[in-house]
Number of protein chains: 2
Amino acid sequence: MRMQDIARRLGISAMTVSRALKSDSSVAPATRAAVLKAIEELGYVPNQIAGSLSSSRSGFAAILVPSLNNPHFSETVLALGSALQDRNMQLLIGNTDYDRRKEAELIRAFLARKPEAIILTSDGHDPRILPMLAKARIPVVEIWDLPARPIQHVVGFSNQRAMRGLINALIGQGYSRITYLGEADDADTRGASRRLGYCEAMAAAGLAPRLCSIGRPPATMSDGERGLDTVLAAYPDTELVACVSDPLAFGVIAACQRRGWAVPGRMAVSGFGDFEIARIAVPAITTVQIDAAGIGREAGAIISEAFSARRDASPAAIIRAVPALPCLRASTAMAR
Amino acid sequence: MRMQDIARRLGISAMTVSRALKSDSSVAPATRAAVLKAIEELGYVPNQIAGSLSSSRSGFAAILVPSLNNPHFSETVLALGSALQDRNMQLLIGNTDYDRRKEAELIRAFLARKPEAIILTSDGHDPRILPMLAKARIPVVEIWDLPARPIQHVVGFSNQRAMRGLINALIGQGYSRITYLGEADDADTRGASRRLGYCEAMAAAGLAPRLCSIGRPPATMSDGERGLDTVLAAYPDTELVACVSDPLAFGVIAACQRRGWAVPGRMAVSGFGDFEIARIAVPAITTVQIDAAGIGREAGAIISEAFSARRDASPAAIIRAVPALPCLRASTAMAR
DNA sequence: AACCCGTATGTTATCGATAACATCGTAGGC
DNA sequence: GCCTACGATGTTATCGATAACATACGGGTT
């Protein structure tokens, strides 16, 4: 069924049907009502593929996240989705699985569908995506970090500074034998930034860095047991395990509890991200608070701005920082 | 940039470029190589919108999940995605947020883009989607339950039977004052099925059902504290809280631990779904094991079959059950 | 040598909505 | 009463790839 069919049925032209479906165009109220009624009755669904081809507006933006199974990304996605809905745009989600190659493939696949904006996590990209994105001439927003060489717009926070702030706070509490447990990251990833922040904080306090890794990202709860083994093998005198993320921290805490070790009495543990589990777990987990939904909202706002200012030939890159603050909880409470 | 531009540059026709990009069509190897080289050099990305319009193959399937923030759905999505990749199809994800109206809107929006298949969670749908889906004439797969009146294909398990099996097992362990803590579901949802299974098992054992609710889905860890309050207010003598899902169970356990109550000593708790947290938490959580990735794989297989058998005028609905077995763990261990 | 067939390629029409332009009628201003 | 302007609608061309059909060429078969 096409617009023609609706139009013929009402004795009008397809163009009028098309206009009746766009709220901003001038159609007599009676005509519009008749069109909408006919569409409803016939169960007609416009072919957006044809519409997109003709109007060269695809009506969607694409977001690529490294993992769907991450409450933060889903919050960001949700917030971004509803921000875009206000502009009548759909959000398509792609899952890169922390894999640059997969990310590049997804970008190519998405670009073929002509998205009107694209949102990436700033996690180190395949260099080949840069010319592709440049050619697409659409707003690109990197989220969840402040990359050294942004592609275009950015909404995030410095993972490095955030982790440095957390470690500083923990050193301030009196901890010194702090071991970092993270992922085997390539350079330029958010995990690598956090590790760097840890190293800086330790160095600033005159402490030697103590680094351990659980393998390739993402770090999950299930890595806690092996992570704790690794930490203890390398640094048996560890008094605090600073984890790259909350789920890993929870896993480490569970591993301690399985050994009958009190947390934080025998071993303190910190995370990153303020996932739901960090608040609910017993003990509650010391972490870095991030406004994941805020990142999504801001990204949506930037895209909106970019659309409004499209006439402008040289769109200035917008770099917007969101807060990321240490949040000390029971899992690192010092005995009095 | 269009195929024309590539073609002109090589002194060939656009059609040959098009063919060179489809692996199955006959093009001289030298020509194909030249085309691919030119495309690479120019960074040309084919316009799939035009391609879809002309070939009436959109090259994607749509999946609607109630929540992204759920490890199970992301596993299913992942598995389905890679199953479809083998057929050179992309998977677009929509988030219904446990909202029928939102689901219906998303379906309409997706159908406008002409997906080649659509996958839904069987959670009770807006009745208006049925004619829409029927008109689309594409494979529809409902996953994660065995609905009484399937739309078309189904891959799932009986949430009702699974919960009944778990409660039976717990009754077999010696529990009798089992209180169910779930969501305020509409009929036909998976949560409602589980509640029904609980009631059946209790009735079969001659026990009165003890039902509590935390409000509208999804139940999260954060609902544990209030959930426990609700349970204790209604049934103070409860010895086991049977939760609608693992995250809620974890929240209830944490709430118990905050009160200094031993789990399972003072209060036993069970979940549903075998989320990662159920294995890692201390104590490990009794639950129902489900092969989430298997559901995705099976759904992919069904879609593949449906495509192959498309010539067949009356595609028989495929109903495929996956296992869902009780898994008893420390959180409901009886004292000896 | 005539014929056939298959491979490689070109040409034309088409998918369905919409942009851009054209047209018609009428209300309101002078 | 005439002209203008705008509101409502129609007509035509277009977006870019591809299906369907057409063509050209070369090698093998008889």
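Every heavy atom of this structure was used, including side-chain atoms; hydrogens, water molecules and symmetry mates were not. By convention in this document, chain letters (A, B, ...) are assigned in the order of the sequence lines, proteins followed by strands, and residues within each chain are numbered from 1.
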Per [X] side chain, nearest of listed nucleotides [options]:
X       : options               : answer
B:Thr31 : C:dA17, D:dT18, C:dT9 : C:dT9
B:Arg19 : D:dA20, D:dC15, D:dT9 : D:dA20
A:Ala28 : D:dA8, C:dG16, C:dA8  : D:dA8
A:Met3  : D:dC15, C:dT18, D:dT9 : C:dT18

Once you round it to whole Å, what is the distance between [atom2] of [N] and [atom1] of [X]?
X        : N      : atom1 : atom2 : answer
A:Lys22  : C:dA17 : NZ    : C1'   : 9 Å
B:Leu21  : D:dT18 : CG    : C1'   : 12 Å
B:Met1   : D:dG16 : CE    : P     : 12 Å
B:Ile12  : C:dT11 : CD1   : C1'   : 15 Å
A:Arg113 : D:dG16 : CZ    : P     : 17 Å
A:Leu53  : D:dT18 : CG    : C1'   : 12 Å
A:Gln48  : D:dC15 : CD    : C1'   : 15 Å
B:Asn47  : D:dG16 : CG    : C1'   : 6 Å

For [N] and [X] - does any side-chain N or O of the residue sit under 4.0 Å from the phosphate oxygens OP1/OP2?
X       : N      : value
B:Ser18 : D:dT18 : yes
B:Ser52 : C:dC15 : no
B:Ser55 : D:dT18 : no
A:Tyr44 : C:dA17 : yes
A:Ser54 : C:dT18 : no
B:Ser26 : C:dT9  : no

- With nearest nucleotides of DNA chain C determined for B:Ala50 and B:Thr16 from heavy-atom distances, which residue corresponds to the more 5′ nucleotide? B:Thr16
Test your reading of the model: is there a side-chain donor-acceptor pair from [X] to the backbone of [Y], 3.5 Å cut-off?
X        : Y        : value
A:Thr189 : A:Asp123 : no
A:Glu116 : A:Gly59  : yes
B:Arg87  : B:Gly300 : no
B:Arg216 : B:Tyr98  : yes

- Pair B:Lys37 + B:Glu41: basic N to acidic O under 4.0 Å: yes
- Task: Name the nucleic acid region contacted by B:Ile49, choosing base, sugar-phosphate or nothing; use a 4.0 angstrom heavy-atom cut-off, strictly under.
- Result: nothing
- At under 4.0 Å between heavy atoms, what does B:Met15 touch on the DNA or RNA strands: base, sugar-phosphate, or nothing? base
- Is A:Glu142 close to A:His125 at the side-chain level, that is, under 4.5 Å between some pair of heavy atoms? yes
